[in-house]
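A quick note: this is a predicted structure, and the numbers were derived from the prediction, not measured.
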Amino acid sequence: MIAVTAALIGFFAFVILRVTTPQMTTLFTDLSVEDSSSIIKDLERQGIQFEIRNEGSIIMVPKDKVTRLRMKLAEGGLPKGGGVGYEVFDKSDALGTTSFVQNINHLRALEGELARTIRAIDRIQAARVHLVLPERPLFSREAPEPSASIVVRVRGSLEAQQIRAIRHLVASAVNGLKPQRVSIVDEAGQLLADGAATDPEQAVGDERRISFEKRMRKQVEDIVSSVVGSGRARVQLSADFDFNKVTQTSDKFDPEGRVLRSSQTREEQSMTADNNGQVTVNNELPGNQQNNGVAAKDQSKKTEETNNYEISRTTKTEVTEAGRVNRISVAVLVDGIYSKNEKGELAYQDRTKEQLDRIAALVRSAIGFDQKRGDQVEVVNLRFADAPSTAPIGEPGGFLGMLQFTKDDVMYFVELGVMMLLGLVVLFLVIRPLVKRILASDEVAAAISGVLAGPASEEAAPAAGQALLPGGAASAIDVATIQGQVHAQSVHRVGELAERNPNETVAIIRQWLAEPAK
């Protein structure tokens, strides 16, 4: 009895403590050792219950206090996120500090701030940044270029766009650093981006092609899924891009468009006389020429005209940027039609050619199909390996939809249900048999006491029987037979009780034997 009572008290104490214990939730995750130690000291100072998990990287606190604690810790600058930022200058003594120490502190602060910023990006759990900022040597015209190396711990994998974003982020924060000089390594030692001077246009081109294919695939899948049903279509799209940059210049002359640009006219006129071939001084002197008769004369006239015309000219320069789509290939796989037969089972049926042609026409319109470009679109109807469920799960509506239970709430109710079930099991399998046995012991003791008191009652029985019976009938009844039957019934009853409860019977007899005689 003592052991059972102690066990019951312990069990119900455990149930009460478990039910009254506040529900714990996550305060912070992925904490460094320094941040975890600082947060624990602050919680102990405030007297708030907490739990430590995953070697101190996760701290759990009561759910009703998590929001207030986060704001309170943020006011104190916790968590710091590991590393040292610009707060390194808050506690340093500027007086007497050398320039070398200041440069080292500036480098540490810059690396710490960059690491914190990188950790704010999705999928990145931790980051560490190393910067190399070489000084310009004396008497040197060229300064060495700075470089950076980053080690990240990620959840899953980083996309190409995120890697480029990290490189440009670090390059923009450091003076003179180029994105090509930033190398990134993950926790597994895999090189995500090298520090070599690679061609950035090629990386941009690959990223553009991947983004184009992803966007077009989503558009095609959305429009096909709206026809055949959600999850009943698979789309694969491949785009061939031309990343060559072409510059083309052409000149066009219009013969009909003539314009007079300049005009020049020149006239020459000369006249000569015949003097019989005599050349004298008198003839050459002016005013001494005498016309002795009619002399022969020679006259000449020359006219020149030059016109310059401008012909209409058109100069056209075309620059075709890299990233032209040469060809698009689309493969669409759609499932058939499922309907219930007479037995209530799902029956598969292929789609008609007319439906497939309509789906293909929708796909061509979605991708901007160009036959001259060589685009290809294939729509095939095949049965999927997994058939659709007959009863799709929808969002709960009505009262259940208004409850909005979270996972923690569901687990809390399940825990309460298990505790209540264990309590009922203990009540019916332990307490109920124990109480029933105690009550049976009292019943046996009362029966044995009645048997021992039987002779006195038997002596009074004949007198009572004679008083109740009429005078003529009382003499006809055998009083001895009645007394024997009553005695036999009492003994039989006591025997049955003793057989059913032997331990209690022995205890009662021992108690009687131990009592002093009266």
Side-chain angles (χ1 to χ4, degrees), residues 25-39 51-60 66 70 73-74 77-87 107-133 146-174 177-215 217-218 236 407-408:
T25 186
T26 304
L27 178 63
F28 292 111
T29 59
D30 298 329
L31 294 173
S32 61
V33 179
E34 295 81 5
D35 290 340
S36 180
S37 176
S38 302
I39 292 174
E51 295 179 4
I52 302 175
R53 297 181 181 178
N54 197 13
E55 299 181 356
S57 62
I58 299 176
I59 297 180
M60 310 285 290
V66 61
R70 286 177 179 174
L73 293 173
L78 294 175
K80 297 180 180 179
V84 180
Y86 284 115
E87 65 272 6
L107 183 62
R108 292 177 57 196
L110 186 58
E111 291 177 348
E113 293 294 334
L114 286 175
R116 293 176 183 177
T117 306
I118 293 173
R119 278 197 299 271
I121 301 176
D122 188 20
R123 298 183 185 179
I124 295 181
Q125 294 181 342
R128 188 165 185 181
V129 180
H130 299 278
L131 297 177
V132 178
L133 305 178
S147 60
S149 58
I150 305 172
V151 180
V152 295
R153 185 170 71 247
V154 298
R155 293 186 296 266
S157 60
L158 293 178
E159 298 180 356
Q161 184 176 2
Q162 291 177 318
I163 296 174
R164 287 187 59 247
I166 294 174
R167 299 181 74 177
H168 283 272
L169 172 67
V170 176
S172 301
V174 180
L177 181 60
K178 297 180 180 179
Q180 294 79 16
R181 299 281 295 172
V182 179
S183 61
I184 303 176
V185 183
D186 61 2
E187 73 278 7
Q190 183 179 0
L191 184 62
L192 303 180
D194 57 357
T198 56
D199 187 7
E201 295 183 357
Q202 184 67 25
V204 174
D206 294 339
E207 181 181 345
R208 181 178 178 182
R209 177 180 58 81
I210 294 173
S211 177
F212 176 80
E213 291 179 351
K214 183 178 180 180
R215 177 173 57 86
R217 186 185 302 111
K218 185 178 183 303
Q236 292 295 332
K407 183 179 179 181
D408 296 335

> Under the side chain to side chain contact (heavy atoms under 4.5 Å, CB included) criterion, do R116 and E113 qualify, and how do the steps go?
Replying inline: CA-CA 5 Å; R116 293 176 183 177; E113 293 294 334; 3.5 Å; yes
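- Here the CD1-CD1 distance, from I166 to I124, works out to 3.5 Å after rounding to the nearest 0.5 Å.
- In plain terms, the two heavy atoms of L177 and P146 that are nearest each other are CD1-O, 3.1 Å.
- One distance of note links CZ of R119 with CZ of R153; it measures 9.5 Å at 0.5 Å rounding.
- Applying the side-chain contact (heavy atoms from CB on, under 4.5 Å) rule to S38 yields the partners L78; only residues at least two apart in sequence or on another chain are considered.
- Of the possible donor and acceptor atoms, one in the side chain of R70 sits under 3.5 Å from a partner among the backbone N and O of L27.
- For R217, the CZ atom is densely surrounded, since the number of other residues' heavy atoms within 6.0 Å is greater than 12.
- Every side-chain hydrogen bond (donor to acceptor under 3.5 Å, both in side chains) that R53 has, sequence neighbours left out, goes to E51.
- The two residues S157 and R123 come nearest to each other via the heavy atoms O-NH1, 2.7 Å.
- Interatomic distance, E111 CD to I150 CD1, rounded to the nearest 0.5 Å: 10.5 Å.
- Side-chain contact between R155 and D122: present, with at least one pair of heavy atoms (C-beta onward) separated by less than 4.5 Å.
- Counting all heavy atoms, side chain and backbone alike, I118 lies closest to A127 at CG2-CB, 3.8 Å.
- The side-chain contact (heavy atoms from CB on, under 4.5 Å) test applied to V151 returns no partner, not counting sequence neighbours.
- In this structure, I184 CD1 and D194 CG are separated by 10.0 Å, a value rounded to the nearest 0.5 Å.
- Atoms CG and CD1, on L158 and I163 in that order, are 5.5 Å from each other to the nearest 0.5 Å.
- Rounding to the nearest 0.5 Å places NE2 of H130 at 10.5 Å from CG of L107.
- For the pair I121 and Q162, the tightest heavy-atom approach, listed with the atom from each and the gap, is CG2-NE2, 4.4 Å.
- Contact record, L114 with A173: CD2-CB, 3.6 Å, taken as the closest heavy-atom pair.
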